[in-house]
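Worksheet for the structure shown next.
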Amino acid sequence: MSNFNFSSRAVEITVLSGESLQIDRRPIKKNTFVVVRSIGGNDFCSTEIDTNGGSNPKWNQKLVLELPVQAAALTVEVYCKIMTGIRLVGTATVPISDFSGGYLPDNYLHFLSYRLRDEESERNGIINLSVKTKFAAAEVPEYRSCVASSSSSTASVVGVPTSKKYSSGIVTGFPVFGPLLDHNNGMI
C-alpha cells in the first residue's frame, strides 16, 4: 500500500480524439499528438503520435498526471509534427471543477469535449477526453455522496444519502433553492 499524499491527487485522462484540426486554415494530414499539463504544477504527459487520423485523429490513450491540490485547471495542447518542426494546433483549458468535487464521487468517469484555440485565439477544432480522479481503495476519503444499485436493474443511481425514515435513503436530484412547500398546507 502506498502513502497517499494529500498535497496532490492522481488524475487519469484518456485522450480520446480530435475533430476538425487545422494548420493555417488547412486540414491536418497526419502526425498529431497531445500534451496534458497541470497549471500550477510541473508534471505533464504526452500521447503517442497519430500517424493516419488526419484532421480527426484518434489516440484513445490513458495518461496519469499528478495534480497539486491547489491546481485550478489542466491545459490540453494539440501539436502537429511537420517537416519544419512541431507546430501548436490548439490549446484548451480544463477546469478541475469540471471533473472533481460537487455531488459525484472523485472516481466518477467524466466524458468532456473542449474547443481548441490556436495561437491567435481562433477556434481550431475540438478535443474529446475522459477524466477521473484516482485513489487507491484504502485511501479514498469519505465522500458526501454515494452510489446505490437498484435490484431491478443493473444501472447505478448516484445520489446523496438521506434519512431512511421517509425515503429509500438516496436523493437522486440536485437541490433547488426557493420557497419550501408543505404538501398539506402549501408554502411554508
Side-chain angles (χ1 to χ4, degrees), residues 1-19 21 32-50 53 57-79 88-117 124-150 153-162 168-177:
M1 184 176 298
S2 65
N3 292 332
F4 186 70
N5 181 358
F6 284 104
S7 65
S8 67
R9 60 187 159 211
V11 177
E12 181 182 276
I13 303 131
T14 303
V15 181
L16 299 169
S17 62
E19 301 174 29
L21 303 181
T32 55
F33 64 98
V34 176
V35 175
V36 179
R37 301 177 192 277
S38 67
I39 295 177
N42 298 325
D43 286 349
F44 69 92
C45 296
S46 177
T47 65
E48 295 177 7
I49 295 176
D50 177 272
K58 291 179 180 32
W59 298 280
N60 200 27
Q61 188 172 350
K62 286 184 183 179
L63 306 174
V64 177
L65 188 65
E66 281 292 319
L67 286 180
V69 170
Q70 76 276 9
L74 296 172
T75 301
V76 179
E77 302 163 342
V78 179
Y79 291 93
L88 177 66
V89 174
T91 302
T93 301
V94 179
I96 302 299
S97 61
D98 282 3
F99 60 85
S100 183
Y103 293 100
L104 298 173
D106 280 336
N107 62 350
Y108 186 81
L109 182 63
H110 299 268
F111 288 92
L112 307 167
S113 295
Y114 294 91
R115 171 75 63 192
L116 293 168
R117 299 281 178 172
N124 196 18
I126 294 172
I127 188 77
N128 301 303
L129 313 164
S130 70
V131 182
K132 71 177 174 177
T133 304
K134 295 183 60 138
F135 291 103
E139 300 164 340
V140 177
E142 191 171 317
Y143 291 114
R144 293 177 301 196
S145 59
C146 64
V147 178
S149 296
S150 169
S153 75
T154 58
S156 292
V157 177
V158 176
V160 179
T162 65
S168 64
I170 301 292
V171 174
T172 57
F174 293 97
V176 176
F177 299 100

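Predicted model, so just to flag it, every value in this text is computed and none were measured. Note: hydrogens, waters and symmetry copies are ignored here, and every other heavy atom, side chains too, is used.
- Side chains of Val11 and Val36 form no contact here, defined as non-hydrogen atoms less than 4.5 Å apart.
- Between Phe99 and Leu74 there is a side-chain heavy-atom pair separated by less than 4.5 Å.
- For the atom pair NZ of Lys132 and CZ of Phe111, the computed distance is 9.5 Å after rounding to the nearest 0.5 Å.
- Between Ile126 and Arg115 the shortest side-chain heavy-atom distance falls below 4.5 Å.
- Taking all atoms of both residues into account, the shortest heavy-atom contact from Thr14 to Lys62 is OG1-CG, 3.2 Å.
- The structure places OG1 of Thr133 at 8.5 Å from CG of Asn107, a figure rounded to the nearest 0.5 Å.
- For the pair Ile96 and Ala71, the tightest heavy-atom approach, listed with the atom from each and the gap, is CG1-O, 3.4 Å.
- Between the side chains of Asp50 and Thr32, no donor N or O sits under 3.5 Å from an acceptor N or O.
- Scanning all heavy atoms of the two residues, the minimum distance from Glu48 to Trp59 falls at O-CD1, 3.3 Å.
- Considering OG of Ser46 and CD1 of Ile49, their distance stands at 8.0 Å, rounded to 0.5 Å.
- Residues Cys45 and Leu65 come closest through the heavy atom pair SG-CD1, 3.9 Å.
- Between Asp98 and His110, the closest side-chain pair of non-hydrogen atoms is not below 4.5 Å.
- The two atoms that bring Ile127 and Ala92 nearest to each other are CG2-CB, 4.3 Å, heavy atoms only.
- Annotation: side chain of Leu63 is in contact with side chain of Gln61 (closest heavy-atom distance under 4.5 Å).
- Between the side chain of Ser38 and the backbone N or O of Leu67, no donor-acceptor pair lies under 3.5 Å.
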_Derivation and outcome, side chain to side chain contact (heavy atoms under 4.5 Å, CB included), residues Thr91 and Arg117_ = CA-CA 5 Å; Thr91 302; Arg117 299 281 178 172; 5.7 Å; no
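- Taking both residues in full, the closest heavy atoms of Leu88 and Val78 are given as CD1-O, 3.5 Å, listed atom of the first, atom of the second, then distance.
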